[in-house]
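Presented below is the structure to which this report refers.
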Amino acid sequence: MLDAKFLRNDIEQTAELLKKRGFDLDVSLLSELEEKRKSLQVSTENLQSERNTRSKDIGQAAKRGEDIKPLREAMNELGEALDKAKEEFALVTEQIKTISDRVPNLPHESAPIGKDENENVEILTWGTPKQYDFEVKDHVELGEALGGLDFKSAVKISGSRFIVMQGQIAKLHRSLAQYMLNLHTNEHGYTEMYVPYLVNADSLYGTGQLPKFGDDLFNTNPATEEGVGMSLIPTAEVPLTNMSRDVIYDETDLPIKMTAHTPCFRSEAGSYGRDTRGLIRQHQFDKVEMVQLVHPEKSFEALEELTGHAEQVLKNLGLPYRKVVLCTGDMGFSATKTYDLEVWLPAQDTYREISSCSNVGDFQARRLQARFRRTGAKKPELLHTLNGSGLAVGRTLVAVLENYQCADGRIEVPEVLQPYMGGLTHIG
RNA sequence: GGUGGGGUGGCCGAGUGGCCGAAGGCGCUCCCCUGCUAAGGGAGUAACGGGUUUAUAGCCUGUUCGAGGGUUCGAAUCCCUCCUCCACCGCCA
């Protein structure tokens, strides 16, 4: 959520910034609602103030033993006026909230301006795609041939976009997650977290999945009138970042760096037909997530650092990748700046997203009321949140299978993973 | 899941319809006293929002005693629903 002041005092400029990311802010509607809000709020509060003083008078009169009946009757009219004013005020407030809840974050000035993914800007590439003197297979073919990826069983058990893994490939998948977690906790200073996979609506609102992206979530029954049903997490960013909800940290507590390995569940209602083959787009996938809660003046620095942590995983696995900075039109709802890491997939002869690292600024913190107090200061301030995948485990498995395939269909185990695989050097 | 008891300011804790945004204590800040230390005396000390404003100053004002709803001229206090914590019982990886 943006600072309400932006929408009140700087609405033109705010609208301009939002336009960069392809978001049309209805300035005239919002200004009109704001105008209404202001006058309604003042008049409502005046009525409340009058009610309060007159109620007090009644109390004192009663104490003196006077007849308070006429005073009470005189209040009825005021009561009605107040009820009406409150109702109108609530309506306008709700309308403003409905709009502002759906307004994305403002892009940082360093984010390139562009319309869609085609205008993302490549920052660097790392590693050189291997040359193969045989025809490369994709991970589906490789995995099925090895008996490790079982799409058919997954369809029977659950449906499309699920996977059953078994044997060495299941183990490789687990090893990848273990390796990432160990790297981040041992080398990068993150605290390992274990978190719930079912979360309440407040948490989803806090990180920005609700109200706008509810369709992408798997919800448990019952989603009653009050909407108390819980949802499966689409990313560990939700539980991790919500750790900070309604907390005031000491300045010296920051930065707080957390990592967790969790399954992620996405209904991706709008994406049927895309990436239908293989493990690229699943309803359930594992991810190692990194979240940082930082001092507002250090969040862009922290973004570089956090992205570096994700890159380190790819480097250590020897997977060629490229780093792009997302243009304003391709950034996620909450982000103010985002780097994507794209791993080389030889069978597709292209780079595919495997990590997304964002500085969210104070956008989530405002919804979360996640704050800190400067040493010696009285007022708490909003902190900044960041999140990034480090990495998506399923896609990393795809990358390992495809990049480390041998002519005979076996898979070489990347060196750093061999200890996790009991010293195994090849699968198959 | 059942029964019983709780959820009040940074913390502890009083408060069953108006004098309660909230006693008292602890903590914290400032001042005084005391030649150090210890002790003592005094004052202050919730959050969030709106209006005004150059202002995160001041002033005016609203809301908040787990959350939401209700009764009432008036609710921390009464009623309803929910959440949550504790104890015991049942069930359970």
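The chains referred to below are lettered A, B, ... by the order of the sequence lines, with proteins before strands, and numbering in each begins at 1. What you see is a predicted model; the values in this text were computed from it and never measured.
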query: Rounded to the nearest Å, what distance is computed from the CG atom of residue A/Asp57 to the P atom of nucleotide B/G18?
result: 16 Å
task: Identify the heavy atoms of A/Ser355 and A/Leu391 that sit nearest to each other, and give their distance.
output: CB-CD2, 3.7 Å
Atom pairs, N/O to N/O, protein against nucleotides 69-71 of chain B, distance under 3.5 Å?
none

task: Would you confirm whether A/Arg21, through its side chain, and A/Met331, through its main-chain N or O, come within 3.5 Å as a donor-acceptor pair?
output: yes
query: Which pairs pass ring pair (Phe, Tyr, Trp, His ring centres under 6.0 Å) with one or both residues in residues 77-113 of chain A, sequence neighbours excluded?
result: A/His108-A/Phe300
field: Atom-to-atom span, NZ of A/Lys56 to C1' of B/A75 - whole angstrom
entry: 13 Å
task: With sequence neighbours left out, write down each residue that passes ring-ring contact (aromatic ring centres under 6.0 Å, His included) with A/Tyr321, or none if nothing qualifies.
output: A/Trp126
- request: Hey, could you give me the CG/CE distance between A/Leu181 and A/Met193, rounded to the nearest 0.5 Å?
  value: 11.5 Å
task: Could you work out the separation of B/U64 and B/A55 based on their C1' atoms and round it to a whole Å?
output: 26 Å
Integer angstrom distance from the P of B/C82 to that of B/A22: 33 Å
task: Report yes if a side-chain nitrogen or oxygen of A/Lys38 is closer than 4.0 Å to either non-bridging phosphate oxygen (OP1 or OP2) of B/U52; otherwise report no.
output: yes
- prompt: Does A/Arg51 make a side-chain N or O approach to OP1 or OP2 of B/U63 shorter than 4.0 Å?
  reply: yes
field: Taking every non-hydrogen atom, the tightest pair across A/Lys137 and A/Leu142
entry: O-CD1, 3.6 Å
query: Just by modelled atom types, is the A/Lys20 backbone N or O under 3.5 Å from a matching donor or acceptor in the A/Thr328 side chain?
result: yes
task: Could you measure between the two C1' atoms, the one in B/G1 and the one in B/C11, and give it in whole Å?
output: 35 Å
task: Could you tell me the separation between the CG atom of A/Asn76 and the P atom of B/G74, rounded to a whole number of Å?
output: 9 Å
- prompt: Is any side-chain N of the basic residue among A/Lys19 and A/Glu16 closer than 4.0 Å to the acidic one's carboxylate O?
  reply: no
- request: Grab the CG-C1' distance between A/Asp202 and B/C82 for me, whole Å please.
  value: 13 Å
Nearest-Å distance for atom pair CG/C1', residues A/Leu78 and B/G74: 12 Å
- line: When A/Gly59 and A/Glu50 are each assigned the nearest nucleotide of RNA chain B, the 5'-most assignment goes to A/Gly59
Integer angstrom distance from the C1' of B/C83 to that of B/C26: 30 Å
field: Integer angstrom distance from the P of B/C32 to that of B/G21
entry: 35 Å
- prompt: Which of the following nucleotides, B/G51, B/C48, B/G18, is nearest to the side chain of A/Ile68?
  reply: B/G18
SB check A/Glu77 A/Arg54 (cutoff 4.0 Å): no
- prompt: Given B/C28, is OP1 or OP2 found less than 4.0 Å from the side-chain N or O atoms of A/Arg373?
  reply: no
message: Just the rounded figure in Å: distance from P of B/C83 to CG of A/Asp246.
response: 19 Å
- prompt: If we take the C1' atom in both B/G90 and B/C28, what is their distance in whole Å?
  reply: 48 Å
- prompt: Is the backbone of A/Ile233 close enough, under 3.5 Å, to the side chain of A/Glu237 for a donor and an acceptor to pair up by distance?
  reply: no
message: In whole Å, measure the gap between the P atoms of B/U8 and B/C65 for me.
response: 12 Å
Bracket string, RNA chain B, 5' to 3' - pairs by Watson-Crick or G-U geometry under 3.5 Å, | interstrand: ((((((((.[[[..)..(.....]]]((((((.......))))))(((((((.....))))))).[[[[[..)....]]]]])))))))....
message: Measuring to OP1 and OP2 of B/C48, would you say a side-chain N or O of A/Arg371 lies under 4.0 angstrom away?
response: yes
- prompt: Which comes earlier along RNA chain B counting from the 5' end, the contact point of A/Arg8 or that of A/Arg72, where each point is its nearest nucleotide?
  reply: A/Arg8
Whole-Å gap separating C1' (B/G18) and CD1 (A/Ile58): 10 Å
- request: Grab the two heavy atoms, one from A/Arg367 and one from A/Leu210, that are nearest each other, plus how far apart they are.
  value: NH1-O, 3.0 Å
task: Considering only atom C1', compute the distance from B/A47 to B/G10 and round it to an integer number of Å.
output: 12 Å
field: Given B/G51, B/C73, B/G49, the nucleotide with the shortest approach to the side chain of A/Ser55
entry: B/C73
Below 3.5 Å is the cut-off: list the nitrogen or oxygen pairs between protein and nucleotides 53-61 of chain B, distance only.
residue: B/U61; atom: O3'; partner: A/Ser49; partner atom: OG; Å: 3.3

- prompt: Is the centre of the A/Phe333 ring less than 6.0 Å from the centre of the A/Phe363 ring?
  reply: yes
message: List the residues meeting side-chain hydrogen bond (donor to acceptor under 3.5 Å, both in side chains) with A/Glu289, not counting sequence neighbours, and say none if there are none.
response: A/Lys287
field: Rounded distance (Å) that lies between atom P of B/C73 and atom NZ of A/Lys69
entry: 12 Å
